[in-house]
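Worksheet: the structure to be examined is printed underneath.
Here, residue 1 is the first one in the sequence, and each next residue gets the next number.
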Amino acid sequence: MSINKKISIFFVHGGPGLSSSCFQGWFEPLEEKYDLIFYDQNYDVPNGISIIESLCRELRNKVLMTAQNYDEIIVYAHSWGVYLLLKSVENMMKQPYWKKISKFILSNPSDTNWNYFCESGNRLFARMPKEVINKISICNDGLNLMKMAMPYYVGDCNNVPEIRIDRYDMVAYERISEEMENYDVGKLTKLLPINRTYTIYCENDFENIAGSPELAENSIVIEFPKAGHFPFAEYQDAYMRVLKEILDR
């Protein structure tokens, strides 16, 4: 930690339906200078209440709590966590803590509208052998489903890192997907400060720059080679060098 400033990196995990467990251990090289704040999104939302709005409210409250204890916050959002951040950002801008957020780092962002989202999903399934798709289609165990799918999320299916997945809430995924239908958050990308927002796309990810063109226009783009959807685990050392370069700017 810096002697002069208390700085945190606030992590927004993806999914929907996952937890922050996939981050655990991979970002330790940053702990010398920063406090790492992880939280697990709460999917225990009664039917009849918007689960997305509940998650956005929770995100804003978690940032508020962090701001009370830190001089500066760096927000790191991964995958679907970028969607959640964009849905929250307009309200966040109105809060006093907004001035404490010095950077936004968006890694492997989910797509900015429903059509792109469906296209990236199709790209993911296109990587999978038919027998894997058949097994996934009848799987009712979220953790087992993610175990079967993981080789096709990463850049090299023959070299899959030990990414810890301790939760995949399939019910939450279905509820969130229903609420997201026909969504478009492209305009919200303009609310992020372009000179302090960094978007990392990976060469072999099923999510690509074509799926979030507004982010490509409204942020500083960094293209990371070889990796798929979990670059911090696939190529940890190289990815940490990229992050440290961003953090030092």
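Scored by the ring pair (Phe, Tyr, Trp, His ring centres under 6.0 Å) test, Tyr39 finds Phe10 as partners (sequence neighbours excluded). Contacts of Asn208 classified as side-chain contact (heavy atoms from CB on, under 4.5 Å), with partners at least two apart in sequence or in another chain: Arg123, Ala210. Listed by chain and number, the residues in a side-chain hydrogen bond (donor to acceptor under 3.5 Å, both in side chains) with Ser50 are Glu179 (sequence neighbours excluded). Looking at residues two or more places apart in sequence or on another chain, you find a side-chain contact (heavy atoms from CB on, under 4.5 Å) between Lys190 and Asn218. Remark: Phe125 pairs with Met128, Ile133 by the side-chain contact (heavy atoms from CB on, under 4.5 Å) rule, at least two apart or across chains. Residues forming a side-chain contact (heavy atoms from CB on, under 4.5 Å) with Ile138 (at least two apart in sequence, or on another chain): none.
Across Asn42 and Asp44, no two heavy atoms sit closer than the pair OD1-N, 3.0 Å. Among all heavy-atom pairs drawn from Leu188 and Val89, the shortest one is O-CG1, 4.2 Å. Between Trp26 and Gln236, the shortest heavy-atom contact is O-NE2, 2.7 Å. Closest heavy-atom contact between Arg127 and Asn204: NH2-O, 2.6 Å. For the residue pair Leu85 and Met92, the shortest heavy atom distance occurs at CD1-SD, 4.1 Å. Ser110 approaches Ser212 most closely through the heavy-atom pair O-CB, 4.3 Å.
With rounding to the nearest 0.5 Å, the separation of CG in Asp141 from CE in Met148 is 8.0 Å. Considering CG of Asn91 and CZ of Arg60, their distance stands at 4.0 Å, rounded to 0.5 Å.
In this structure, a donor-acceptor pair under 3.5 Å is absent between the side chains of Ser107 and Tyr198. A donor-acceptor pair shorter than 3.5 Å cannot be found between the side chains of Ser19 and His13. For the residue pair Glu119/Asn115, the side-chain donor-acceptor check at 3.5 Å is not satisfied. Remark: the Asn113 side chain and the Tyr183 side chain contain no N/O donor-acceptor pair separated by less than 3.5 Å. Ser120 and Asp111 are linked by a side-chain donor-acceptor pair at a separation below 3.5 angstrom, with hydrogens and angles left out of the test. In this structure, a donor-acceptor pair under 3.5 Å is absent between the side chains of Asp35 and Ser8. There is a side-chain donor-acceptor pair under 3.5 Å between Ser20 and Asp40.
A donor-acceptor contact shorter than 3.5 Å is absent between the side chain of His229 and the backbone of Tyr152. Distance alone, capped at 3.5 Å, places no donor-acceptor pair between the Ser219 side chain and the Ala216 backbone. With Thr112 contributing its side chain and Val185 its backbone, the two residues share no donor-acceptor pair below 3.5 Å. Put simply, the side chain of Lys6 gets close to the backbone of Asn69: a donor and an acceptor are under 3.5 Å apart. Side chain of Glu53 to main chain of Ile49: no donor-acceptor pair is present (N/O by atom type, distance under 3.5 Å, no hydrogens or angles). The closest donor-acceptor contact from the side chain of Glu234 to the backbone of Gly228 lies under 3.5 Å. A donor-acceptor pair under 3.5 Å is absent between the side-chain atoms of Glu214 and the main chain of Gly186, judged by distance alone. The main-chain N or O of Pro109 is never found under 3.5 Å from a side-chain atom of Tyr83 such that the two would form a donor-acceptor pair. Between the side chain of Arg164 and the backbone N or O of Cys22, no donor-acceptor pair lies under 3.5 Å. Using modelled atom types, one side-chain atom of Tyr43 and one backbone atom of Gly17 make a donor-acceptor pair closer than 3.5 Å.
When the side chains of ILVMFWY residues are joined at heavy-atom separations under 4.5 Å, either directly or via intervening members, Leu86 and Ile194 end up in two distinct hydrophobic clusters. Note on Leu36 and Met65: separate hydrophobic clusters, where clusters join Ile, Leu, Val, Met, Phe, Trp and Tyr whose side-chain heavy atoms are under 4.5 Å apart, directly or indirectly. Cluster annotation: Leu191 is connected to Tyr97 through the hydrophobic network of ILVMFWY side chains, with a link wherever side-chain heavy atoms come within less than 4.5 Å. The same ILVMFWY cluster, assembled from side-chain heavy atoms under 4.5 Å apart, contains both Met93 and Val82.
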Evaluate ring pair (Phe, Tyr, Trp, His ring centres under 6.0 Å) for Phe224 paired with Tyr239, printing each intermediate quantity in order.
-> CA-CA 8 Å; Phe224 189 82; Tyr239 191 78; 5.6 Å; yes
Step by step, work out the side chain to side chain contact (heavy atoms under 4.5 Å, CB included) result for Trp98 and Val63.
-> CA-CA 9 Å; Trp98 178 255; Val63 176; over 6 Å; no
Go through the steps for Gln24 and Asp166 under the test side chain to side chain contact (heavy atoms under 4.5 Å, CB included), then give the verdict.
-> CA-CA 11 Å; Gln24 301 299 325; Asp166 67 4; over 6 Å; no
Show your working on side chain to side chain contact (heavy atoms under 4.5 Å, CB included) between Arg167 and Ser21 and close with a plain yes or no.
-> CA-CA 8 Å; Arg167 183 182 188 186; Ser21 63; 6.0 Å; no
Dump the intermediate steps for side chain to side chain contact (heavy atoms under 4.5 Å, CB included) on Leu243 and Phe232, then the final yes or no.
-> CA-CA 10 Å; Leu243 281 190; Phe232 47 83; over 6 Å; no
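By the 30° and 60° cut-offs, the orientation of the rings of Trp114 relative to Phe117 is parallel. Between Phe23 and Phe11, the ring planes lie tilted relative to each other; the angle falls in the 30° to 60° range.
Taking 4.5 Å as the limit, some side-chain heavy atom of Ile52 sits within range of a side-chain heavy atom of Ile176. Put simply, the side chain of Trp80 does not reach to within 4.5 Å of the side chain of Leu18, judged on heavy atoms. When side chains are defined from C-beta on, Ile7 counts as touching Ile74, because their heavy atoms get closer than 4.5 Å. Looking only at side-chain heavy atoms (C-beta outward), Asn61 and Arg57 come within less than 4.5 Å of each other. For the pair Arg175/Asn47, a side-chain contact is recorded, criterion being any heavy-atom separation below 4.5 Å from C-beta on. Counting heavy atoms from C-beta on, the side chains of Tyr116 and Glu207 never come closer than 4.5 Å. Between Leu145 and Met170 the shortest side-chain heavy-atom distance falls below 4.5 Å.
Annotation: Glu131, atom CD; neighbour count of heavy atoms from other residues, nucleotides and ligands within 6.0 Å is above 12. Environment of CG in Asn122: crowded, with over 12 heavy atoms of neighbouring residues, nucleotides or ligands closer than 6.0 Å. Around NZ of Lys135, the count of heavy atoms belonging to other residues, nucleotides or ligands within 6.0 Å does not exceed 12. The number of heavy-atom neighbours closer than 6.0 Å to CD of Glu223, taken from other residues, nucleotides and ligands shown, is 12 or below.
A salt bridge links Glu245 with Arg249; the closest basic N to acidic carboxylate O contact falls under 4.0 Å. The pair Glu72-Lys100 does not count as a salt bridge, with every side-chain nitrogen at least 4.0 angstrom from each carboxylate oxygen.
Of the residues Ile220, Leu192, Leu106, the one that meets the side-chain contact (heavy atoms from CB on, under 4.5 Å) test with Thr199 is Leu106.
The ring of Tyr76 has its center no closer than 6.0 angstrom to the ring center of Phe104.
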